[in-house]
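Take a look at the structure below.
Residue numbers start at 1 and run along the sequence shown.
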Amino acid sequence: MTDTLPTYTLPKKELTLRQKVGQLFMPAVFINDTEEEVQKMERLIKEYHVGSICFFHSRASAATNFEGKKKVVHNAKSYDRLKELIARYQKAAEVPLLVAIDAEWGLAMRIENTPQFPYAITLGALNGDENLIYQVGQHIGWDCRTAGIQWNLAPVVDINNNPENPVIGYRSFGENKEKVLAKSEAFIRGMKSTGTLNSIKHFPGHGDTATDSHLGLPVIDKSLAELKENELFPFQELINIGVDSVMVGHLLLPQLDAENPSTTSSKIITDLLRKQMGFEGVIISDALNMHAVSKKYHQKGKLEEAAFEAGMDVLCFSENVAEGIQLIMDTASEGRINESFDRVWQLKKKAFSPEKEMVAPNDGSASVLNRKIALESITELYGNPNDIQKFKAEGFLNISCNNGKENIFSQKLKDEFGIETLDIALQTDIIDQKIKTTKNVVLSLFPPAVKPKDQFGFDENVLETVKKWVEENNTLIYLFGNPYVLDLLGLKPTSNVVVVYQDFPEFQEVAIEHFKGTVLANGTLPIQLKTFQA
């Protein structure tokens, strides 16, 4: 099966040197922008021969408004708006644009009412079934291409070996380098089948840090030998296989370069990535608006110039296109400019090749695939594996901590076992009375947030209550969220937990089937927890 999309032809005439520099810039564009901002971007693309754009939801979204409190306005028609803006921006471009997006778990990462697939940490729980991850990559690639996007800035190949990591965590396939490699490679192959370009990130490895590079500069104080043993391993192996681009994160590695973060370090970009690791493709920066680097450069365009001088090819989320172009024109040699331009041009040729056929997924809908993943990823962490049978025989309290999310699981427990759902936030007094006589508790836990900031958004009183139940009662937890949450709950070696990872309806359905005994748990926790070992 193939799909017909607008075709773009690269001009055969030679571009001027200034136009070539423009091709290296990737400003951010926003689905929910004003008409004034859209027209401003159209003029920028036309006047400065911008080579690529990267879509974000809005100027208020978390990816662009790190510390602000702006309200994110949801737009049910974001997808239609996305396609409309792509058409407008392509029309403004004399040279066809590469359109990029972060779609690590699907377009839903940026766009409402589009298919969402599981986070990488969920896929990390799959035991060697890389075909399911291939299918995820294929579905996401297909969704990108049919929307008019050629370049998915994914996958994350960081090895998340720091439980305190505030920004990678659930976006990583786990902490085992071999598994991260295998799963990343499957994801890339799936995208490649649809003709979608990839970008492995965040070089040289953002996993072992407790600092969010959106807000500050993470420091990874490791030797090159240590990095090669772990962080650099998936990057090197994937480069050997062949990838379209590598995204460099904003990290300080003092043992490699004590003065410059990786974004502006020729020792890391040129000497390590290019020369030692042999990468010949496009090197793209992480978003240059991120405070890890943006706060250090007060002159407009100076960050872009410094990153380019260090060896960067594409300057993502440049907020100073005009100034950056001028500074690069003033300081860079024609040969250096042509090196980066030629790489970007080859990527465009690949993306816009008329022979490139888009192969659609033939394995059913996103929902069908999500259910398959739910069946293979659900993970038991049992201290007393026979307790689940005891619960069904003796009875239990059906307690919900849903934090405003639809709790299909608890409703099914009520429907099938006749046990009323008790909401931890609304029925504390009733629970306190009942728990004195019914020591068995089934707690369905839906964390308010997927990131660890502020204890995943949990109310402190709720956490203390759960800890008390874990200590004093026979508690079985079904966790519909990030498994790192478990480190907050005061678990004991005898604690019983089932990690479901996602709150999608398909995952909740599989969870109730597991409780009933009709589904076995086939997943393996892809990380180590501080307070609880399987």
Side-chain angles (χ1 to χ4, degrees), residues 15 17-31 33 37-38 40-59 61 63-66 85 89 92-95 97-102 110 151 153 199 201-203 213-214 217 245-250 260-265 269 282-332 336-337 339-341 343-345 347-348:
L15 273 62
L17 199 62
R18 182 174 290 272
Q19 289 172 336
K20 288 179 178 179
V21 176
Q23 290 294 299
L24 311 181
F25 281 75
M26 178 189 278
V29 291
F30 304 91
I31 296 160
D33 241 347
E37 292 287 355
V38 170
K40 184 179 175 182
M41 181 55 63
E42 288 174 318
R43 292 192 295 272
L44 187 76
I45 290 168
K46 190 176 185 65
E47 184 176 350
Y48 292 97
H49 300 275
V50 166
S52 53
I53 54 176
C54 186
F55 269 95
F56 294 85
H57 180 270
S58 65
R59 294 175 188 269
S61 62
T64 53
N65 181 41
F66 318 125
L85 289 177
Y89 292 144
E94 183 179 337
V95 176
L97 296 160
L98 279 176
V99 181
I101 199 167
D102 294 287
R110 298 283 184 248
W151 197 357
L153 304 179
S199 189
K201 60 187 185 185
H202 306 79
F203 185 86
S213 53
H214 292 91
L217 182 62
S245 63
V246 174
M247 178 180 284
V248 175
H250 307 311
N260 303 294
S262 48
T263 322
T264 57
S265 171
I269 297 173
V282 167
I283 300 176
I284 178 174
S285 71
D286 204 350
L288 294 180
N289 70 322
M290 292 165 63
H291 293 165
V293 289
S294 64
K295 285 188 171 182
K296 300 179 185 298
Y297 289 85
H298 303 293
Q299 180 185 347
K300 288 185 176 182
K302 195 67 179 175
L303 172 56
E304 287 85 345
E305 179 208 11
F308 177 77
E309 184 181 2
M312 206 76 74
D313 298 313
V314 173
L315 303 162
C316 178
F317 212 134
S318 167
E319 297 184 301
N320 306 292
V321 173
E323 297 86 352
I325 289 174
Q326 188 57 56
L327 281 173
I328 290 171
M329 287 292 296
D330 291 343
T331 58
R336 171 68 186 90
I337 291 169
E339 283 178 12
S340 284
F341 169 76
R343 294 187 194 104
V344 172
W345 203 249
L347 205 58
K348 288 198 168 188

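- A 4.5 Å side-chain heavy-atom check between Met26 and Cys316 finds at least one atom pair inside the cut-off.
- For the pair Ser294 (side chain) and Asn289 (backbone), a donor-acceptor distance under 3.5 Å is present.
- Under the 30°/60° scheme for interplanar angles, the aromatic rings of Phe30 and Phe317 are found to stand perpendicular.
- When each of Ile283, Val282, Leu98 is checked for a side chain to side chain contact (heavy atoms under 4.5 Å, CB included) with Val314, only Val282 meets the rule.
- Counting heavy atoms from C-beta outward, Leu288 and Thr263 have side chains that approach closer than 4.5 Å.
- Between Ile284 and Trp151, the shortest heavy-atom contact is CD1-CH2, 4.0 Å.
- Counting heavy atoms from C-beta on, the side chains of Phe203 and Ser262 never come closer than 4.5 Å.
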**Item:** Residue pair Val38, Tyr89: steps toward the side chain to side chain contact (heavy atoms under 4.5 Å, CB included) verdict
**Value:** CA-CA 9 Å; Val38 170; Tyr89 292 144; 3.7 Å; yes

**Asked** Would Trp345 and Lys20 count as a side chain to side chain contact (heavy atoms under 4.5 Å, CB included) if you check the C-alpha gap in whole Å, the side-chain angles of each, and the deciding distance to 0.1 Å?
**Response** CA-CA 9 Å; Trp345 203 249; Lys20 288 179 178 179; over 6 Å; no

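- Shown here for Gly301 and Asn320, the closest heavy-atom pair between the two residues is N-CB, 3.5 Å.
- Looking at Leu85 and Val29, their side chains never come closer than 4.5 Å, going by heavy atoms from C-beta outward.
- Checked by atom type and distance alone, the side chain of Ser265 never pairs as donor or acceptor with a backbone atom of Pro261 at under 3.5 Å.
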**Request:** Please lay out, stage by stage, how Lys296 and Leu217 fare under the test side chain to side chain contact (heavy atoms under 4.5 Å, CB included).
**Result:** CA-CA 10 Å; Lys296 300 179 185 298; Leu217 182 62; 3.9 Å; yes

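- Under the 3.5 Å distance criterion, the side-chain polar atoms of His250 are matched with a main-chain donor or acceptor of Ala287.
- In this view, Lys40 and Glu37, Arg43 satisfy the side chain to side chain contact (heavy atoms under 4.5 Å, CB included) rule, not counting sequence neighbours.
- Among pairs with a residue in residues 308-323, those fulfilling salt bridge (Lys or Arg N to Asp or Glu O under 4.0 Å) read Arg274-Asp313, Asp313-Arg343, at least two apart in sequence or across chains.
- With rounding to the nearest 0.5 Å, the separation of CE in Met329 from CD in Glu305 is 13.0 Å.
- Residues Leu327 and Gln299 have side chains in contact (heavy-atom distance under 4.5 Å, counting atoms from C-beta outward).
- Nearest heavy-atom pair, Arg336 versus Phe308, reported as atom, atom and distance to 0.1 Å: NH2-O, 2.7 Å.
- Note: Leu303 CG to Ser285 OG = 7.5 Å, rounded to the nearest 0.5 Å.
- What you find for Val321 and Pro27 is that their closest heavy atoms are CG2-CB, 4.2 Å.
- Judged by distance alone, the side chain of Lys348 and the main-chain N or O of Gly51 form a donor-acceptor pair under 3.5 Å.
- Taken from CZ in Arg110 to NE2 in His57, the straight-line distance is 10.0 Å, to the nearest 0.5 Å.
- Closest approach of Asp102 and Cys54 over heavy atoms only: OD2-SG, 4.4 Å.
- In this structure, the side chain of Lys201 does not engage the main chain of Asp286 through any donor-acceptor pair within 3.5 Å.
- Smallest separation of non-hydrogen atoms from Val344 and Gln23: CG1-O, 3.9 Å.
- Atom CG in Leu97 sits 5.0 Å away from atom CD1 in Ile45 (nearest 0.5 Å).
- Residues Leu15 and His49 fail the side-chain proximity criterion, which asks for heavy atoms closer than 4.5 Å.
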